[in-house]
Amino acid sequence: MSAFQGTMNRLPDPDDDIGDHMMILRNVKACLDTNDNWRTVVNVLAKFRLPVVFDPFVLRKMEMASSPADFLLNELIMRCCKVKYLCEILRNSSQYDALSYLVKPEPVEITKQPGGNEEVLQIRLGGDLKLHCEAIGIPPPTFQWYFGNVVLENQTSSCLSIPSFSDNDVGEYHCSVMQQLPGEVREIHSNVVYVEIMVHLPVFVIQLPKVLNVKFNEGVILRIGISSAAHLEWYKNNELLQNEKSDVLQLSNITENTVIVCRASNSAGEVFSDRCRINVMPHEFELTNNNQNFTTAKFAILIANEKYDNLNRLYTPAYDASTLANILIRLNFQVLTLKNLTKDEMKVVLKKFCQLILPGSYGLKILKSTPKSLR
């Protein structure tokens, strides 16, 4: 007898003892013996508002019985359990098949939609897709999953499982929930969930070198490695290099210090490679019309005077000079920092400094907090 056929028979009165309806209990017993459902009932009984706790010896006898459910129901019969209490216990343990023999049919209702409240779900390529659709009703409903409008064979449980998700699995999924009632079949549908492959930010698996030293007018070849398909762009000194979109960048005739960085982007966002600083080694050459616009090196001298014969001591020049030196070093300057020089010493140092500067080079001189006569 199926569950809905049981509902066509006379239902027991809720205040009856369950022992007065042995024919119905036979069907309940069969449901509880299936898949060891009786164990769930035992667990619920221990937390029931009128707790029924079996000692280990009784549980062992129950497990060894030819029908553990029959043993369990007999224990309840001996306790004069009412039909209404058994119904409550079966409902709390989600044993709707067994419950359908004791109560009137109840319309099917979806209690958990696939994907929750999300209309779009993402899953990694090759991952396992699992969607859950939970529904209650008496008699209990059955499930059928669909991919678009196509029936998915062997996907007839409340959980849809697709291993090794691929591009061919991308699309819409929903579940049809059906309930067999006397004389009719009731069917409702879950929400539709679109499942797509998750896109991760690209990752640089081969990075640019942080520093390269080259001779004047030499070239270099830079290469990056990327973890997944991405749009690539190269930047030289923060300026986009047009038409450079591959994982290899070739630069020729480098005449000045240069910073190179690569940008990789996809639908998940963008990432940048390490910055590669290309230093052009100082090179003496004659200044001609062809190279007079190039800078071969950058030099800076910082002089911080704190002590004076006729003035109070100043406390910030040394700190200011140190801070400025760090900034200039990051800008590829070769920096010389001096402190508390006399007028004659400064004349000698500045003369030597000017002699060091090659044609086409930058020269920066900063005197910090010196007397007005030396400014």
Only counting residues at least two apart or in another chain, list the ones meeting salt bridge (charged side-chain N to carboxylate O under 4.0 Å, His left out) with [X].
X      : result
Arg49  : Glu88
Asp274 : Lys210
Glu118 : none
Glu106 : Arg91

Answer yes or no: are there more than 12 heavy-atom neighbours, outside Lys61 itself, under 6.0 Å from its atom NZ?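 Atom NZ in Lys61 is not crowded, with 12 or fewer foreign heavy atoms closer than 6.0 Å.
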
How about Asp55: does its CG atom have over 12 heavy atoms from other parts shown lying under 6.0 Å from it?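 Enclosed: over 12 neighbouring heavy atoms sit under 6.0 Å from CG of Asp55.
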
Using side-chain heavy atoms (C-beta onward) and a distance below 4.5 Å, is [X] in contact with [Y]?
X      : Y      : value
Leu232 : Ser246 : no
Val28  : Ile18  : no
Val271 : Val203 : no
Tyr146 : Val151 : yes
Asp97  : Thr34  : no
Pro12  : Leu102 : yes
Leu251 : Ile278 : yes
Met62  : Val42  : yes

Could you pull out the closest heavy-atom pair between [X] and [Y], with the gap in Å?
X      : Y      : result
Arg223 : Leu208 : O-CD2, 3.9 Å
Cys87  : Val103 : SG-CG1, 3.8 Å
Asn340 : Glu306 : OD1-N, 2.7 Å
Phe147 : Leu152 : CB-CD2, 3.6 Å
Met346 : Asn305 : CE-ND2, 3.9 Å
Leu181 : Pro105 : CD2-CB, 3.9 Å

Do any pairs count as a side-chain hydrogen bond (donor to acceptor under 3.5 Å, both in side chains) and have a residue in residues 231-242, sequence neighbours left out, and if so which ones? His231-Glu233, Glu233-Tyr235, Glu233-Arg263

How many angstroms lie between atom [atom1] of [X] and atom [atom2] of [Y], to the nearest 0.5 angstrom?
X      : Y      : atom1 : atom2 : answer
Ile77  : Leu86  : CD1   : CG    : 9.5 Å
Ile110 : Lys112 : CD1   : NZ    : 13.0 Å
Leu76  : Phe71  : CG    : CZ    : 11.0 Å
Tyr85  : Leu90  : OH    : CG    : 15.0 Å
Met22  : Leu73  : CE    : CG    : 8.0 Å
Glu218 : Asn253 : CD    : CG    : 10.5 Å

Could you check whether any side-chain N or O of [X] sits under 3.5 Å from a backbone N or O of [Y], counting only pairs where one atom can act as donor and the other as acceptor?
X      : Y      : result
Asn266 : His200 : yes
Gln113 : Asn191 : yes
Arg277 : Asn257 : no
Ser93  : Val41  : no
Asp33  : Ala69  : yes

If Ile, Leu, Val, Met, Phe, Trp and Tyr residues are connected whenever their side-chain heavy atoms lie under 4.5 Å apart, and connections chain through other members, are [X] and [Y] in the same group?
X      : Y      : answer
Ile221 : Val214 : no
Trp145 : Val108 : no
Ile226 : Leu222 : yes
Val120 : Leu160 : yes
Val52  : Leu32  : yes

Test side chain to side chain contact (heavy atoms under 4.5 Å, CB included) on Tyr101 and Met23; report intermediate values, then the result. CA-CA 10 Å; Tyr101 292 100; Met23 292 296 293; over 6 Å; no

N/O donor-acceptor pairs under 3.5 Å from side chains in residues 122-143, not counting sequence neighbours:
residue, atom, partner, partner atom, Å
Gln122, NE2, Glu196, OE2, 2.9
Asp128, OD1, Ser164, N, 3.2
Lys130, NZ, Ser161, OG, 3.2

Start with the C-alpha distance between Val193 and Val195, add both sets of side-chain angles, then the distance that settles side chain to side chain contact (heavy atoms under 4.5 Å, CB included), and finish with yes or no. CA-CA 6 Å; Val193 179; Val195 184; 4.2 Å; yes

Assess the residue pair Gln95 and Cys31 against the criterion (side chain to side chain contact (heavy atoms under 4.5 Å, CB included)); give the C-alpha distance rounded to whole Å, side-chain angles, the decisive distance to 0.1 Å, and a yes or no. CA-CA 8 Å; Gln95 299 303 317; Cys31 294; 5.9 Å; no

Partner of Lys82 by salt bridge (Lys or Arg N to Asp or Glu O under 4.0 Å), out of Asp17, Asp20, Asp15: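 Of the listed residues Asp17, Asp20, Asp15, the salt bridge (Lys or Arg N to Asp or Glu O under 4.0 Å) partner of Lys82 is Asp17.
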
Could you give me the CA-CA distance, side-chain angles and deciding distance for Val170 and Tyr194, then say whether side chain to side chain contact (heavy atoms under 4.5 Å, CB included) is met? CA-CA 8 Å; Val170 172; Tyr194 186 85; 3.3 Å; yes

